[in-house]
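When reading the values below, keep in mind they use all heavy atoms of this one structure, side chains included, and skip hydrogens, waters and symmetry mates. Protein chains get the first letters and strands the later ones, always in sequence-line order, with residue 1 at the start of each.
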Number of protein chains: 2
Amino acid sequence: MKKQTTKNAEKETRQRLMDAGLRLFGLHGVGATSTRALALEAGVNLSAIPYHFGGKEGLYRAVLEHTIGVKLAEVGPGLDRVLAACANPSAGRGELLAAMRTLVRTMVTVMLGSPESRSFSQIMMQEQIAPTGAFNIFHDGFFAKVHGVWTQLLGRLLGLPPESLELRLRALAVMGQMVIFRVGMSGILRVVGGEKLSDAHLECITRLCIQQVEAIVAGYEPACPELGAMSGLLEGAQ
Amino acid sequence: MKKQTTKNAEKETRQRLMDAGLRLFGLHGVGATSTRALALEAGVNLSAIPYHFGGKEGLYRAVLEHTIGVKLAEVGPGLDRVLAACANPSAGRGELLAAMRTLVRTMVTVMLGSPESRSFSQIMMQEQIAPTGAFNIFHDGFFAKVHGVWTQLLGRLLGLPPESLELRLRALAVMGQMVIFRVGMSGILRVVGGEKLSDAHLECITRLCIQQVEAIVAGYEPACPELGAMSGLLEGAQ
DNA sequence: AGGTTTAATTCAATCGAATGAATGAATCAA
DNA sequence: TTGATTCATTCATTCGATTGAATTAAACCT
């Protein structure tokens with residue numbers, strides 16, 4: 001018994017701290033989370049934080065990098081599949097739309113499905129609100145990737161060049177349809193009722209987002225023609 | 001000179017503290033914002049916080065209530081106009097679509113236009129992440145109102161009953177197209193380039209959101225038919 | 001109007017509590 | 001025994017709030 005407990009604590013101290021960090025950092029942010037609260041939540045001695053991670057900030061960075069790795073492994077294959085479809089010049093509208101459907105499904109599942117994705121999204125939002133030094137990890141490792149895939153996919157479907165400003169903004173708006181269910185979760189649960197979204201809710205959200213994106217693609221008309229060649233507004237166009 | 005300074009400080013101490021609070025609470029949250037930072041930012045003595053607001057939390061509530069009042073005054077008229085159109089049984093598709101366009105324009109302007117709206121949205125996001133006792137103020141006073149208007153409007157345009165679960169979720173998804181530009185601002189600025197969205201960007205976002213909502217309305221097909229009568233999933237249907 | 005009192009507000013100094021980190025002893029597996 | 005890890009204790013700092021004196025504008029009185 002003692003050995004088990006000890007063994008667990010030893011090998012898993014880092015992991016327990018990172019779990020606690022993911023939860024508490026997501027809930028209250030780095031600044032408002034105390035090392036003592038972290039140690040208590042993890043069931044670990046306070047000094048384990050400076051010892052294993054060099055301090056609270058170090059734990060935060062470790063949590064970020066680890067969680068981003070996990071999430072990227074979840075979405076990565078889906079993203080690659082979509083990218084492959086986009087890169088294939090002979091891919092028809094049907095295949096591109098199929099790729100879109102899997103992309104929506106992947107996003108909804110990853111963002112809303114697992115419970116730890118809640119904390120992940122919370123930390124991501126905190127970084128969007130007040131970017132810390134770790135913002136780049138999120139942006140380059142996640143946000144930009146997903147946005148890039150949507151941009152390529154919609155570019156093919158709408159016939160817009162990948163550098164188009166309107167295309168990039170449209171990709172964001174389309175993503176927003178899914179993201180809002182994560183961002184506004186607290187409020188949404190009050191509107192919909194209940195303490196968490198049921199599987200039926202998730203399935204409905206998925207289908208309805210797919211259907212709306214299909215409608216957007218079908219009914220597309222240029223909205224900002226005068227900005228057509230306005231990729232000049234893009235600085236880091238790449 | 002001295003009198004002016006003095007006079008300003010006297011009459012405006014509360015206001016200055018609330019301005020500072022809006023900015024700092026939005027940036028770092030209540031827990032991570034120190035009274036000293038607030039006093040410094042406001043150019044005011046530290047004791048003014050307990051004196052005028054009873055403490056940091058009191059200042060937070062005051063900031064919330066005041067700012068919500070201001071924002072509601074900005075959107076209120078626009079919302080009412082849309083509600084009036086929805087309530088008018090003889091309103092045709094054209095009038096409803098016109099109402100939709102002003103609703104999109106209002107949301108984009110209020111959320112992305114003014115600089116203090118940034119802090120407001122940031123605080124709103126903080127409350128969505130970790131609702132405090134003040135969450136109700138936001139939800140009932142803002143979120144639920146805007147969502148209700150979108151629900152009514154889309155209900156008319158799509159021919160769905162106001163209690164429909166799919167309708168409510170669709171209203172959220174549609175709102176998400178605009179909300180994401182506020183929520184993901186930090187990341188968006190990296191994607192688009194620059195330090196803030198220009199007027200040209202805002203106009204493009206507005207038009208493109210309008211066009212996409214038009215497409216969604218035009219291309220609507222029920223996505224969750226089996227949930228058609230599933231307002232049973234709604235607890236507080238009202 | 002001029003001088004005095006009064007209540008409200010601001011201020012510097014200070015409080016106890018909580019913070020993040022460091023320390024060295026204690027514990028453990030190897 | 002050795003090196004790694006955990007632990008209780010301690011440190012300097014910062015936190016939110018309080019205190020009582022100082023300052024101010026306004027009300028009052030003659």
Within 45° cone and under 6.0 Å: A:Arg61 NZ/CZ vs A:Phe53 ring: no
Atom-pair distance (CG on A:Leu17; P on C:dA21), nearest Å: 13 Å
Heavy-atom donor-acceptor pair, A:Thr13 side-chain to D:dT6 base, under 3.5 Å: no
C:dA12 OP1/OP2 closer than 4.0 Å to side-chain N/O of B:Asn45: yes
Whole-Å distance separating the CG atom of B:Leu40 from the C1' atom of D:dC15: 15 Å
Qualifying ring-ring contact (aromatic ring centres under 6.0 Å, His included) pairs, either residue in residues 103-132 of chain A, two or more places apart: A:Phe120-A:Phe138, A:Phe120-A:Phe142
Atom pair distance, as rounded to whole Å: CG in A:Leu38 and P in C:dA21: 11 Å
Base C:dA12 paired with B:Ser47 side chain (donor-acceptor, <3.5 Å): yes
Rounded interatomic separation in angstrom, taking CG from B:Leu59 and P from D:dA17: 10 Å
d(CG, B:Leu24; P, D:dG16) in whole Å: 11 Å
Residue whose closest nucleotide on DNA chain D lies nearer the 5' end, B:Arg36 versus A:Arg36: A:Arg36
Salt bridge (Lys or Arg N to Asp or Glu O under 4.0 Å) partners of residues 69-79 of chain A, not counting sequence neighbours, each pair once: A:Lys71-A:Glu74, A:Lys71-A:Glu116
Rounded interatomic separation in angstrom, taking CZ from B:Phe53 and P from D:dA17: 13 Å
Under 3.5 Å donor-acceptor pair, A:Ser34 side-chain atoms to C:dA18 base atoms: no
Heavy-atom closest contact (B:Gln128 atom, A:Val183 atom, distance): CB-O, 3.5 Å
Short side-chain N/O contact from B:His52 to OP1 or OP2 of C:dA8, under 4.0 Å: no
Value in whole Å for how far the P atom of C:dA18 lies from NZ of B:Lys56: 14 Å
Atom pair distance, as rounded to whole Å: CG in B:Leu46 and C1' in C:dC15: 13 Å
Shortest non-hydrogen contact from B:Val82 toward B:Ala99: CG2-O, 3.6 Å
